[in-house]
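Structure first, then comments.
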Amino acid sequence: MIFRRVRKILLVFLSVIFLLIFQVFSVEAVSFQSFHLSSKYANQDFVQVREVYSSQRCRIFSSKDSSKFPAIGKYFDTIIYSKETSVFGSEWKPGIDNDPRVYILFVPLKDNIAGYFNSIDEYSRKQFENSNQHEMIYLNQDILQFPQGRINAYLSHEFQHLISFNQKERRYRINDDIWLNEARSEYAPTLVGADDNIQDSNLKRRIAQFIQSPSDSLIEWNEQPADYGQVNLFIHYLVNHYGGTQILTKIIQSPKTGIESINDALKKLGYQVDFSNVFTDWAITNLVNNCSILPQNKYCYGDPHLNYQNIHLKMNNLGRSQQVQAKFQIENWSAHWIMVDSDQYNRSLEIDFYSDSQLANFRIPLVIYRRNGQKGIKFLPLKKGGTLRRNKQEGKIVIDHFGRQVKSVAIIPSEQFFSDDAAKKKISVDYHLEIHLLSLKSESKQGSEDYQTTNQSKSSSKEIFPNSSAPLLIRARGDSKVYLVKNGYKHWLSTPEIFNSYGYHWTEIKEIEPAEMEKYPISTLIQPCWDYRVYQIDFQRGITQWLDISPTEFIRRGYNWNQVFKINQKEFNLLPNFQKGSNIGNNESDSFRKNF
């Protein structure tokens, strides 16, 4: 009897436990949902997530717990959604799923991906079998470790892509240029206030990425950090100078794409400028960033976060040589910044430009730095189809009183070739600059113009090493190696071709004792005269590596700027049997470059 009673109690107890377990698993089965992930951005094809936030405007799902989801959802509901839709328009609503809410997924993604939008989710599974059939965006669950402002920046960025699909692809059946779609998304964090705290903002990271690679093409998209830096700063300049957020509205509402949609928006807002004018002014701004330069408020960002302290570029300096001839290669819709300094003598500076490329379509502003502290803007006049060299584009300008009144001149060439598919092509163009210091034509003509064009002929010039106007060439007795000495360091001119490319004469070489040679430490740091990057040559391994580190880190590691030797194109091409190695020092802790 006792045994039966115990067995009965035990059976009841086990039944209760079974029911509880069943209910737990039933709840879990109901609360989890499965979604497809893109193999481009994730390491798995599917993910199971549970709903962690729900409102009238969004549903948030995650495979990871976090106390931040209510705040994220509330910010989307009250700030992001209203501000972005007021400027960019609405997402597809109620959409493919007949649900007016946006699905936001926090899921495991690849390490360098912060988030993405996948347009196939806007189509039925009959058209794309991996479609999730929702208006949805994906964010890397690892960004939950970041401050709230950073999360809001990523979220607002991806939401613009969702809106853009509806406004461009569904409305006009067109795909906008990627760079411009990304530019709108890059402005979204500023629009929703996520960049207000500049210290830990998307904007601050983009400024750093732009300064690291300022000559990256604006319209060629390679999903690199430099690409995001370019489009971010350009769209901020455009918005701040041309109608505020109205221009974003006009651009996304335009039935055109890319550059043409910007021209269309400018015209509809009544501006008598085009994309080329805006790009050129922006290139000048990135150097001077000063609202007081005439015409006022044109060559600055007009934003306290984008002031001169935060954005101004260092230039490639051609030094003070009497003659310099240099060849450069530039990407389409990008700019170079090249400085020519004067000495104490009063001379005329002649700048001669030409390009043989059929795609050459340059604009070349000059920034004139006067000794009284004033700055002025002039343009180098260009013409098509030169007769002497049969060039596609060439021009010349002479600047008088270079040295006495004019301290230095910055040359800002930008290539601006336009075609319907320019954004889909990798376009680069060669150009040449020849710099000459001439005797001043009229010392007594006090009222003459400082800037003028001329057809004055000149003697032929040679490519001068831009480190020094009076180079010291040395060779140790009994050794065939020839070195150039600068700032107490020596640089090996490793082949006769390199030596000759600078126009040196073998009679200029000074032979010294080996002991004296040892007084000059050898430098392996080089900087091509057309490039901002500094490379280190490893002679033993036979490779050249880019020092991908900040100026502060450069000094911290014991390097010295006096060690850096500027080299020409010939030497860069003739480095014997060198292959570019992996970059040195690219260990930025924030690796979220995104495909976002």
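Numbers for residues simply follow the sequence, beginning at 1.
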Inset, instruction - Tell me yes or no: between the side chains of His491 and Ser523, is some donor less than 3.5 Å from an acceptor? - result: no
Inset, instruction - Can you see which heavy atom on Pro413 is nearest to which on Phe362, and at what distance? - result: CB-CD2, 4.2 Å
Legend entry - side chain to side chain contact (heavy atoms under 4.5 Å, CB included) partners for Lys267, two or more places apart: none
Inset, instruction - Assess the side chains of His432 and Glu394: does a donor N or O sit below 3.5 Å from an acceptor N or O? - result: no
Legend entry - Test: Arg184 and Asp176 ion pair at under 4.0 Å: yes
Inset, instruction - Identify the two heavy atoms, one from Ala183 and one from Ile235, that lie closest to each other, and give their separation to 0.1 Å. - result: O-CG2, 3.5 Å
Legend entry - Partner of Phe353 by ring-ring contact (aromatic ring centres under 6.0 Å, His included), out of Tyr431, Phe328, Phe379: Tyr431
Legend entry - Under-4.0 Å salt bridge between Lys327 and Asp430: yes
Legend entry - Neighbour count >12 (heavy atoms, 6.0 Å) for atom CD1, Ile178: no
Inset, instruction - Name all residues meeting the side chain to side chain contact (heavy atoms under 4.5 Å, CB included) criterion together with Ser357; count only those two or more places apart in sequence or in a different chain, and write none if there are none. - result: Ser355, Leu359, Ala360, Val429
Inset, instruction - Give a yes or no on whether the backbone of Ser254 and the side-chain of Asp264 come within a donor-acceptor separation of less than 3.5 Å. - result: no
Legend entry - Derivation and outcome, ring-ring contact (aromatic ring centres under 6.0 Å, His included), residues Tyr520 and Tyr489: CA-CA 5 Å; Tyr520 299 102; Tyr489 291 89; 9.5 Å; no
Inset, instruction - Compute whether any side-chain donor of one residue and acceptor of the other, for Ser276 and Asp274, lie under 3.5 angstrom apart. - result: no
Inset, instruction - Give the intermediate values and the outcome of side-chain hydrogen bond (donor to acceptor under 3.5 Å, both in side chains) for residues Gln329 and His336. - result: CA-CA 10 Å; Gln329 188 174 78; His336 288 170; over 6 Å; no
Legend entry - Positive for side-chain contact (heavy atoms from CB on, under 4.5 Å) with Phe210, one of Asn232, Asp216, Leu313: Leu313
Legend entry - Short N-O contact, Glu497 and Lys570, less than 4.0 angstrom: no
Legend entry - Ile397, Ile412, Asp352 screened by side-chain contact (heavy atoms from CB on, under 4.5 Å) with Leu380, the one that passes: Ile397
Inset, instruction - Verify side-chain hydrogen bond (donor to acceptor under 3.5 Å, both in side chains) between Gln416 and Thr280, making sure each step is shown before the conclusion. - result: CA-CA 9 Å; Gln416 303 182 8; Thr280 303; 2.9 Å; yes
Inset, instruction - Report the relative orientation of the aromatic rings in His157 and His161; use parallel for angles under 30°, tilted for 30 to 60°, perpendicular for over 60°. - result: perpendicular
Legend entry - Expected output: side-chain Asp400 to main-chain Ser348 donor-acceptor under 3.5 Å: no
Inset, instruction - Would you check if there is a donor-acceptor pair between the side chains of Tyr301 and Asn286 at a distance under 3.5 Å? - result: yes
Legend entry - Between Glu186 and His236: side-chain donor-acceptor atoms closer than 3.5 Å: no
Legend entry - Reference residue Phe234; test ring-ring contact (aromatic ring centres under 6.0 Å, His included); the match among Phe275, Tyr187, Trp333, Tyr242: Phe275
Inset, instruction - Begin with the C-alpha distance, continue with both residues' side-chain angles, and end with the deciding distance and a verdict on side-chain hydrogen bond (donor to acceptor under 3.5 Å, both in side chains) for Asn568 and Ser501. - result: CA-CA 8 Å; Asn568 62 20; Ser501 73; 3.2 Å; yes
Legend entry - Tyr502-Glu571 side chain donor-acceptor pair, cut-off 3.5 Å: yes
Legend entry - Main-chain N/O of Asp177 paired to Asn181 side chain as donor or acceptor, under 3.5 Å: no
Legend entry - Ser201 and Arg206: CA distance, side-chain angles, deciding distance, side-chain hydrogen bond (donor to acceptor under 3.5 Å, both in side chains) verdict: CA-CA 9 Å; Ser201 67; Arg206 298 310 190 213; over 6 Å; no
Legend entry - Sidechain-backbone polar pair: Glu415 side chain, Asn361 backbone, donor-acceptor under 3.5 Å: yes
Inset, instruction - Apply ring pair (Phe, Tyr, Trp, His ring centres under 6.0 Å) to Phe417 and list each qualifying residue two or more places apart in sequence or on a separate chain. - result: none
